Amino acid sequence: MKVVIVGAGSVGSSIARELLSHKHEILLIDLKPEVIGRSGLRGAHWLVGDACELSTLQDAKLEDADVVVSATGDDKVNLVVSLLAKTEFGIGRTVGRVNNPKNDWMFNDSWGVDVAVNTPQLMTALVEEAVEIGDLVRLLTLQTGVSSLVEFTVPHDSHAIGLTVGDIDWPEDSTLVAILRDQAPITPSRDDVIDGGDELFFVTTIAAEDQLRELLSPGSGDGHGSGEGQAPGDGQASGDARARGEVPASDLSPEEGAPATPARATGGPATADQLDDDGFDG
């Protein structure tokens, strides 16, 4: 596989080193000639130039690349390179480094980014995954923001303990893909019984995350059985409707959490001028 990496700083060089060890063909593009001598990357090809210039990317024969990685310390550069790679050269896979989390909303297919790597967000997720019990933690965003990989550690007082996977009416757009128990992964089946301390991993749409969080929240029993003190079937119907997202937002109390309005509506492709410059590495 041929991979073009724009930016030969610490991040770009580390990516190149790992890919070279896996026998991939690597081309690094950087503005500074001095990075070639100090890199220590044997077997890598180099091109000195401005990757935001179309002529530089033409010299790199970008059309032959399988993947383009924009790993500079400047979010504007990473967006422009991704856009050029996708629109001018038809690259099948682009990966963009997000330096400032405030700019994460722009790293999508409007700017030609297939995969956005937000290191601060990823580290935060890993910290939360290690210490948060009883709350849903997003680990990765997939398909340019359409879906996500989320994790839930079952607390020892959870209503889900003792239920089988098939007993729970999971949200329609959420799929339980793995259970981690005693450091061993389990492929879930309908008959697997949920136990305290289990780590549940779901692939879900971003929109269904709130439904999944409500279903798994401590004290919630809406996802199965009849509610205590209700006529048989009432709790099931109510829980099923909420798990599927059929209850109108107007019927939910503030505590139950009607979907929040996005903080920033794009309404179309964003412009580079809308980037937040705080935290740029240069």
Side-chain angles (χ1 to χ4, degrees), residues 98 101-102 104-109 115-116 118 120-161 163 165-180 188 194 196-227 230 234-267:
V98 183
K102 294 179 181 179
D104 183 64
W105 64 283
M106 291 188 68
F107 281 74
N108 54 38
D109 54 1
V115 179
N118 187 331
Q121 186 181 72
L122 179 59
M123 293 182 69
T124 299
L126 293 174
V127 169
E128 290 179 338
E129 186 271 334
V131 299
E132 290 284 348
I133 296 178
D135 194 13
L136 200 69
V137 177
R138 183 188 298 177
L139 300 178
L140 291 173
T141 301
L142 310 171
Q143 293 185 341
T144 62
V146 176
S147 303
S148 61
L149 175 67
V150 298
E151 184 268 353
F152 179 84
T153 301
V154 180
H156 289 280
D157 60 350
S158 173
H159 67 277
I161 293 176
L163 297 176
V165 171
D167 286 335
I168 301 176
D169 188 16
W170 305 107
E172 183 176 351
D173 294 329
S174 297
T175 302
L176 178 64
V177 294
I179 300 174
L180 190 63
I194 295 175
D198 284 353
E199 294 183 55
L200 310 180
F201 293 85
F202 300 86
V203 172
T204 176
T205 61
I206 302 297
E209 280 187 15
D210 286 341
Q211 299 174 40
L212 189 60
R213 181 176 288 106
E214 181 180 351
L215 178 67
L216 295 170
S217 62
S220 172
D222 291 343
H224 62 91
S226 299
Q230 293 174 309
D234 289 350
Q236 176 71 45
S238 174
D240 290 353
R242 296 193 181 201
R244 292 192 301 270
E246 294 173 358
V247 178
S250 59
D251 292 346
L252 296 176
S253 66
E255 289 77 10
E256 289 174 310
T261 302
R264 196 193 304 247
T266 56

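Everything numeric in this text was worked out from a predicted model, so none of it was measured.
Between Val115 and Phe107, every side-chain heavy-atom pair lies at or beyond the 4.5 Å cut-off. Between Thr204 and Ser148 there is a side-chain heavy-atom pair separated by less than 4.5 Å. A heavy-atom distance below 4.5 Å is not found between the side chains of Met106 and Val98. For the pair Val150/Leu139, no side-chain contact is recorded, criterion being any heavy-atom separation below 4.5 Å from C-beta on. Within the 4.5 Å cutoff, side-chain heavy atoms of Ile161 are placed close to those of Val154. You'll find the side chain of Leu180 reaches within 4.5 Å of the side chain of Phe201, heavy atoms only. In this structure, Phe202 and Leu212 have side chains that are in contact, with non-hydrogen atoms separated by less than 4.5 Å.
In this structure, NE2 on His156 lies 9.0 Å from CG on Asp198, to the nearest 0.5 angstrom. Interatomic distance, CZ of Arg138 versus CZ of Arg213, reported as 8.5 Å (0.5 Å rounding). Between the CD1 atom in Ile194 and the CG atom in Leu200 there is a gap of 5.5 Å [rounded to 0.5 Å].
Judged by distance alone, the side chain of Ser158 and the main-chain N or O of Ala160 form a donor-acceptor pair under 3.5 Å. Not one N or O on the side chain of Trp170 forms a donor-acceptor pair closer than 3.5 Å with the backbone of Leu215. Between the Asp210 side chain and the Ala207 main chain, no donor and acceptor come within less than 3.5 Å of each other.
Between the side chains of Glu172 and Ser174, no donor-acceptor pair of N or O atoms lies under 3.5 Å.
The two atoms that bring Ile179 and Pro188 nearest to each other are CD1-CB, 4.0 Å, heavy atoms only.
Legend: residues meeting salt bridge (charged side-chain N to carboxylate O under 4.0 Å, His left out) with Asp173, ordered by chain and number and at least two apart, are absent. Thr205 is linked by a side-chain hydrogen bond (donor to acceptor under 3.5 Å, both in side chains) to nothing, counting only residues two or more places apart in sequence or in another chain.
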